[in-house]
Amino acid sequence: MYAEVVVNLLNRKLDRVFHYSIPSALEKRLREGMQVLVPFGPQTVDGYVVGLTETAEVEKTRDVLEIVEEEPVFSREMLALARWMSKTYLCTMVDALHVVMPPGLKLRSKKFLSLNNPDADLKNKIFAKIMTGADTELKDKVAAVLELLSVRGKAEIKSLEQQYGKKPVEYLARILKENGWGEVNTRFAAKARKKKVKQVMLPENERDDIEELIHNLALKAPKQAEVLKILASDSPVTLPELKEMGCSPTAVHALQEKGLIKIEEIEDIRDPFQECRPVEYEPPKQLTSEQAEVLADISCSIERGTSDVFLLHGATGSGKTEVYLQAIDKALIMGKQAIFLVPEIALTPQMVQRVRGRFGEKVAVLHSALSLGERFDQWRQIKEGAVQVVVGARSAVFAPVPKLGLIIVDEEHESTYKQEENPKYHAREVAIYRSRMAGCPVILGSATPSVESYYLAREGKYKLKTMPNRIGNRPMPEVHIVDLRREMEQGNRSIFSSRLQEEIAAVLQKKEQIILFLNRRGYSTFVVCRDCGFVVKCRYCNISLTYHAHGEKMICHYCGYKAKVPQVCPVCRSKHIRYFGLGTQRVEDEIKKLFPQARVLRMDVDTTSRKGAHEKILTDFAAGKADILIGTQMIAKGLDFPKVTLVGVISADTSLNLPDFRAAERTFQLLTQVAGRAGRAGAPGKVIVQTYAPAHYSVRTAQKHDFPGFYGIEIETRREMEYPPFSRLLRIVISGFDENKVIRAAHILAENVQAQLRGVEERLEQPLLGPAPAPLTKLRNKYRWQLCIKAKNRKVFGPLVDSALYKSGLREQFNDLKFNVEIDPQSLL
DNA sequence: AGCACGCCGACT
DNA sequence: GTCGGCGTGCTC
Ligand SMILES: [Zn+2]
Ligand SMILES: [Zn+2]
């Protein structure tokens, strides 16, 4: 028998299986999914058993050295999932395996240098040898390393190098190895470990005469008697618990010495909810007929175990959550588990509350704030079936539930479901893959479905369920559009229209709250005519050209098309055609000028970089510690703010004109979400959207809460421009310190890709965009260029990258550049 | 990736 | 002549 092993080294050339023979001692124990140590060239490395076969494809094989843990780190299903991910998302098998494994079990190696013999004799011999060679400066340092080593016998090479520098350590290591005086050993360790606790109990045979024992001890050793008394009524008890009850460790120890108590070490499962328990039970709600109808279909799929994908399009407040919760309940009744994905746990505390309120102790929440140990324990609890509902952000899609009965992807349109690092998976796709493997349905829920999902639903690939009515028929908030071109005409140069200023003043007067939105950071600027709203776009890519102050130029970040900023607007001949860019700081400054008495909170990348900063800002605002909250999209998903009666969107244009093919979609989503923030139960809120493009379909349809209307127009632009869902995209970002090199590599790569594309069937009209400077042209001192490839089917991307980038020798030729290959990029920003 | 091997310049 | 620079090539 041979073991097929994937080694834990991150290199494309090593991304394949290696065959190892299995020594007889391991033959019975070795299984697929285990972590092993294997010899690899001159070193020992850790790896994963991905298969057991009768034949090896190579002549010579070496033995598996060691099994790291008897418990496999992935099941056959998860292995298949990893294989699928590495193929689909163009990542290495190790990268894919690492996300399906228990967190924290990835081994890290440490190298130690040791002397074979700690006596002075050997030390002197080595010292003499050092003195014969090397220059004096080096000699002193090597001698210092030797001195330390002779005292400790063994030391970690990394820390030695940190203290003395690389050279002397390497030098000494070589001398020791060459003469057999010492050696280098590698040790492997995982970051996460089981937490242990000592448990104290009475031996079985002691129960009967415990009273007598206590009585006998009471005089001479009252403390010990006390311990026994506690144990007599409640055994076993953990050592920390005993201490808390006032028992001294010496008393416990003495009892153990006498053999009157037993102490065992058991695992102490870390409990992240310790602080916030219990949650009040929230009983199921009566469903509306709309909800009941949807639930009936989903329940049917759960019962029959069919892997249907439901796209649940429900307006804000239409009661999607209750449908989710009752569907989960169905799965639990079937003896199965459910996975519930949310975009970001930190921003959806009320959703987590509701799930826990319904299912209580059966819920595990995978929070990014969990410690590694907590996550490790949660993972194993889930694996053992001790937990029935798993709530978490994208990585929770890998929760190893034993019997998957349902997956919910809430706010399925959110781009946070796409991981930006390897493996660059989309949690929605992984969810669907898992549902097929397990035979269970998936619910994709959103008030503003992604164009891709909605398209697939219309094509009949997903089951479309619509819940257009809000519970209790609450009216949708009124959305007012303010035409910024008119403001310009009327001589208002402030970033706030007179309408918005009036409304802000009125709300402040009433002591209610205001949220002002600005999308993203204003790093991307575009050129707009202040009189007619015309925005300069690329004629090839249909995205806004990005303004560069450098030489009054505009550039398309998809294809590289360049143009000069026009002197007059090509549509209305106005001279007021200028770039536009806006940051939250600027909004705050203007607010302070206009309303000096208002208390303002700002929430953006700058103010939320510290951990837990968002939560603080949001809770402060909810507690009424400020009148106005200024922020980016982040707030849109956040908590409910009942006192907010006015929401202002400073400029829909910053979102609308992001140089990205999803700009219109993102804008529609943003405006809809924002509208959902305004007003609660009693008072319907007001939403004011300022824009230079009041007639744009994203703005118009969002105002009327008309998703189908938006979709109908958007899908046609996508079709025309061959953007998803009519194509799949692949983006390659090339970055490096040498700009010329980056540009050269980008152009060669583009040529190679072009050549490869000629062989692709079902070619699109314009399958290659670029090379062009990336929207963030220089990031951390590295120059960035990108190209974007479109194809009907993403299967072509794997072989294409393989030929154009690797087999062509380009990757080797430019080995100091970074080539970031991203399939299905969520945006090309 | 990480380690060995190997082939050249600048020191004893 | 030796030391040590890092280009090249391989790992079941
Ligand atoms: Zn104009
Ligand atoms: Zn273009």
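Just so you know, these numbers use all the heavy atoms, side chains as well, and skip hydrogens, waters and symmetry mates. Within every chain, numbering begins at 1; the chains are lettered A, B, ... in the order of the sequence lines, protein sequences first and strands thereafter.
A distance of 6.0 Å or more separates the ring centres of A:F398 and A:H98.
The separation between A:E812 atom CD and B:dA1 atom P is 12 Å, rounded to whole Å. Look at CG on A:N11: it is 10 Å from P on B:dG2, rounded to the nearest Å. Atom CD1 of A:I22 is separated from atom C1' of C:dC12 by 13 Å (rounded to the nearest Å). Between A:D46 atom CG and B:dA1 atom C1' the separation is 12 Å, expressed in whole Å. Rounded to whole angstrom, the span from the NZ atom of A:K158 across to the C1' atom of B:dA1 amounts to 12 Å. At whole-Å resolution of the value, CD in A:E170 and P in C:dC3 are 16 Å apart. Residue A:N815 contributes atom CG, which lies 10 Å from atom P of C:dG7 at whole-angstrom precision. In this structure, CD of A:E59 is placed 17 Å from C1' of C:dT11, rounded to the nearest angstrom.
Ion pair A:K383/A:E71 not flagged as a salt bridge, since none of the NZ, NE, NH1 or NH2 atoms sits closer than 4.0 Å to an Asp/Glu carboxylate oxygen. Using a cut-off of 4.0 Å between Lys/Arg side-chain N and Asp/Glu carboxylate O, A:R380 and A:D377 are scored as salt-bridged.
The shortest distance between the side-chain N/O atoms of A:R12 and the OP1/OP2 oxygens of B:dA1 is not below 4.0 Å. For the OP1/OP2 pair of C:dT8 and a distance below 4.0 Å, the side-chain nitrogens and oxygens of A:K13 include no atom meeting the criterion. The phosphate of B:dG2 has neither OP1 nor OP2 within less than 4.0 Å of any side-chain N or O from A:Q43.
Distance from the side chain of A:L9 is smallest for B:dA1 among the nucleotides B:dC3, C:dC12, B:dA1. Taking every side-chain heavy atom of A:Y171 into account, C:dG4 is the closest of B:dA4, C:dG4, C:dC12.
Exactly one of A:R728, A:K418, A:R662 qualifies for a salt bridge (Lys or Arg N to Asp or Glu O under 4.0 Å) with A:E452. That residue is A:R662.
One N or O on the side chain of A:R394 and one on the backbone of A:T416 form a donor-acceptor pair closer than 3.5 Å.
A:R16 comes within 4.0 angstrom of a nucleotide base, judged by non-hydrogen atoms across all strands. Looking at heavy-atom distances under 4.0 Å, A:F40 makes contact with a base.
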